[in-house]
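Residue numbering restarts at 1 for every chain, and letters A, B, ... go by the order of the sequence lines. In this text, all values refer to a predicted model and were calculated from it rather than measured experimentally.
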There are 2 protein chains.
Amino acid sequence: MNLKELAQQLGLSPTTVSRALNGYPEVNESTRERVMAAAKRHHYRPNTRAIRLATGRAFAIGHVIPLATRHEIMNPIFADFIAGAGETYSKNGYDMVLSVVADEAEHQTYRDLKSRGTVDGMILHAPQMDDARIALLTDIGIPFVVHGRATGAALPYSWVDVNNRRAFQRATEFLLDLGHRRIALVNGLENMDFAIRRRTGFVDAMAARGLAADPALMSSDEMTEVSGYRAARAMLVQDDAPTAFLVASMISGMGVRRACEERGLALGRDVSIIIHDDDLSYMKNGEDVPIFTATRSSVREAGRLAAEMLLGIVADPALGPQQRLLEAELIIGQSTGPAPARHAPVLSATAKG
Amino acid sequence: MNLKELAQQLGLSPTTVSRALNGYPEVNESTRERVMAAAKRHHYRPNTRAIRLATGRAFAIGHVIPLATRHEIMNPIFADFIAGAGETYSKNGYDMVLSVVADEAEHQTYRDLKSRGTVDGMILHAPQMDDARIALLTDIGIPFVVHGRATGAALPYSWVDVNNRRAFQRATEFLLDLGHRRIALVNGLENMDFAIRRRTGFVDAMAARGLAADPALMSSDEMTEVSGYRAARAMLVQDDAPTAFLVASMISGMGVRRACEERGLALGRDVSIIIHDDDLSYMKNGEDVPIFTATRSSVREAGRLAAEMLLGIVADPALGPQQRLLEAELIIGQSTGPAPARHAPVLSATAKG
DNA sequence: TGCGCTATCCAAAGCGGTTTGAAAATGATT
DNA sequence: AATCATTTTCAAACCGCTTTGGATAGCGCA
């Protein structure tokens, strides 16, 4: 059943039916009701393809997922983010189109998505330092919102991000207040912008107490269980092993925990761990009592917000670049406690400074 | 730059240009080259929306993700599956459209996707026992492939699935051969079809050795870390605690491990764990040496295969229902070992039977 | 030279909607 | 009753491509 047929059934012109259905004012209310009723009765759904061609709009938002080497992105965080964004899209009658492409084809994919008119806007994932894609998308001239920020970007652009620096700064302060001095940072890949900011927060907080972050206690890798395990294990065998870990994600945190338990260290007593918790639906950080002390920020919520922001810009491109900085919550769990006694002398010595 | 403009530039009709670009034979080779060159020079990309309307095809595949209550699906497995499927789609010039919808709107979403012509086919996720969606999609008359199977489905349909029954049967036999008798099953939600099959495999393998599966050692819940932890902890405090666990996923396996370690049980010595490993990219089961002994089957590969199957059916609907059963590999890791000595008498007694 | 074939190209009709510009119907006003 | 403004409806153009049904030209062969 299409518009023309429906119009014929009703003895009306397609024009009128179209207008009645789309809520235009220039149609008699009684006619509109008749049309609406008939549409419902015949289960009429306007053809998306036709609407898209006629209006010149795609009613779709694109997400590009680079494959291969930099597979950091096809991670659980991403799944929750698009779940959040997807909610917003369906609520607004938009489709979400995902392009999974080889790394080297990413730029071309953005160009095509625009020039073929497949989408009205895009979300940019996993920005890195000096990310070239921002200039690219700006150049292409398609509305976009970045999930995260890109240190070094010259142009203004729209983004939704967590205050990663502040989150890790606060987490570090929390550990320092507990008396920890040998604090390790198990970070994500440091070409990722969020990882850079987290490190800055960590280093700054240390510096504020007159402590230098020990490079031997800073690792940077993909946020998998295994890499967390390996980083922690390597640090724990050192002479002056860390008493606390700051970890980039729940998953790598589990690897860190494994390494600690393997050495017989009890969490919250012998060693402390703070993770960043993206509040993933299938990877809850405990329920009533959090497993890990954590800096928490829902990535799903970030997805929702980014999508809303983008739809706003698509609807009115004149809005210009918008930003939204989300603060992470510091959740106290069972994985942190005072620095173990054996470090007490070091602690008091340092505390003087 | 559109077709008409390009044609004008070349002094040709749109018809000829279209044909030249699409490889039709009724165009002079030299003309075709001229057209191709001009198209490249002007970065011409045919408008997707127009192609779709003109051909009546969507060149897109839909994946519907139910939200809310049954959020089992927006899990890491799903992320890897769509990554695999997405690869296939891009390779074939198809888009992937994801619909994130509230549970109760799921059926209507399928209907709309079809009647509005947004997609040419769909992938059905997370089938349950007697899943009504199979009848629905059959009724709607759109090509679809199920990721998994639905016990009790009356009609034939296309699917790609892992042999879950066999995988868990073999895993159980492996544990039995190691002398374990008190084996626990930490399963996924048992309204999910895969969970039912896994339980069957477990129960059957036990029965084949004359052992009854103890209901107190079978749990069924979402596959999160926390639920794995809780299930295992509850079982470990029982009088006749299990010496081995069969766990539905890597993530819940990590919860089980936590519960074991909490009780001071060493993996592979005091207690054994076998998990099902979906071979997720960011959740590798170790690298050279697997952490867990596991039944492994790449869900990403399943995504690729399902997508290929679906595109095949879309291209030629006459093909009819197709099936693909993948066998899981049994990977021996460090989490399994002979049943602990204290059970030796039980073991020898049982071994006689 | 003329006819039939094939190779090559084109005009025009869709695809199923939206939207513009105008016509018809209605109501208000004088 | 005639006129004008407003509602309400419609015919037709358009979105950018594909595809059908010719038309034209070039060629081989009688």
task: I would like to know whether A:Met36 and A:Glu33 meet side chain to side chain contact (heavy atoms under 4.5 Å, CB included); could you show each step before the answer?
output: CA-CA 5 Å; A:Met36 294 285 224; A:Glu33 278 163 30; 5.5 Å; no
query: Given atom CD of B:Glu29 and atom P of C:dC9, what is their separation to the nearest angstrom?
result: 10 Å
field: Shortest non-hydrogen separation from B:Ile313 to B:Pro143 and the atoms involved
entry: CG2-CB, 3.9 Å
message: On the nucleotide C:dT8, are OP1 or OP2 found under 4.0 Å from the side-chain N or O atoms that B:Asn28 carries?
response: yes
task: Determine whether A:Ile142 and A:Val119 make a side-chain contact, defined as any pair of heavy atoms from C-beta on separated by less than 4.5 Å.
output: yes
statement: In 5'-to-3' order, the base (B), backbone-only (S) or no-contact (-) status of each nucleotide in nucleotides 10-17 of chain D, using a 4.0 angstrom heavy-atom cut-off, is BBB--BBB
query: Which residues within residues 310-318 of chain B lie with some heavy atom under 4.0 Å of an atom in DNA chain C?
result: none
- prompt: Which atom names give the shortest non-hydrogen contact between B:Met122 and B:Leu137, and what distance separates them?
  reply: SD-CD2, 4.2 Å
Which pairs of donor and acceptor atoms, one on a side chain in residues 155-162 of chain A, lie under 3.5 Å apart (sequence neighbours left out)?
from, atom 1, to, atom 2, distance (Å)
A:Tyr157, OH, A:Ala150, N, 2.8
A:Ser158, OG, A:Gln322, N, 2.9
A:Asp161, OD2, A:Arg149, NE, 2.9
A:Asp161, OD2, A:Arg149, NH2, 3.4

message: Can you list, in residue-number order, the parts of residues 32-42 of chain B that come under 4.0 Å of DNA chain D, counting heavy atoms only?
response: none
query: In whole angstrom, what separates A:Glu26's CD from D:dT8's P?
result: 10 Å
field: pair A:Asp131-A:Asp193: side-chain heavy atoms closer than 4.5 Å
entry: no
message: Is there a side-chain contact between B:Asp139 and B:Arg111 in this structure, where contact means two heavy atoms from C-beta onward sitting under 4.5 Å apart?
response: yes
message: Within a 6.0 Å radius of atom CZ on B:Arg324, are there more than 12 heavy atoms belonging to other residues, nucleotides or ligands?
response: no
A:Tyr24 OH to D:dT9 C1', straight-line distance once rounded to whole Å: 16 Å
- prompt: Is there a side-chain contact between A:Leu326 and A:Glu301, using heavy atoms and a 4.5 Å cut-off?
  reply: no
task: Please round to 10 degrees the angle between the axis of the first five pairs and the axis of the last five pairs in the helix from C:dT1-D:dA30 to C:dT30-D:dA1.
output: 60°
Counting only pairs under 3.5 Å, give me each side-chain donor-acceptor contact of residues 58-65 of chain B, with atom names and distances, residues two or more places apart or in other chains.
from, atom 1, to, atom 2, distance (Å)
B:His63, ND1, B:His125, NE2, 2.8
B:His63, NE2, B:Tyr89, OH, 3.0

- request: Report yes if the side chains of A:Lys114 and A:Tyr110 come closer than 4.5 Å at any heavy-atom pair, otherwise no.
  value: no
query: Quick one: are B:Arg304 and B:Arg300 in side-chain contact, heavy atoms under 4.5 Å?
result: yes
- prompt: Looking only at heavy atoms, what is the nearest atom pair of B:Leu124 and B:Ile134, with distance?
  reply: CD2-CG1, 3.8 Å
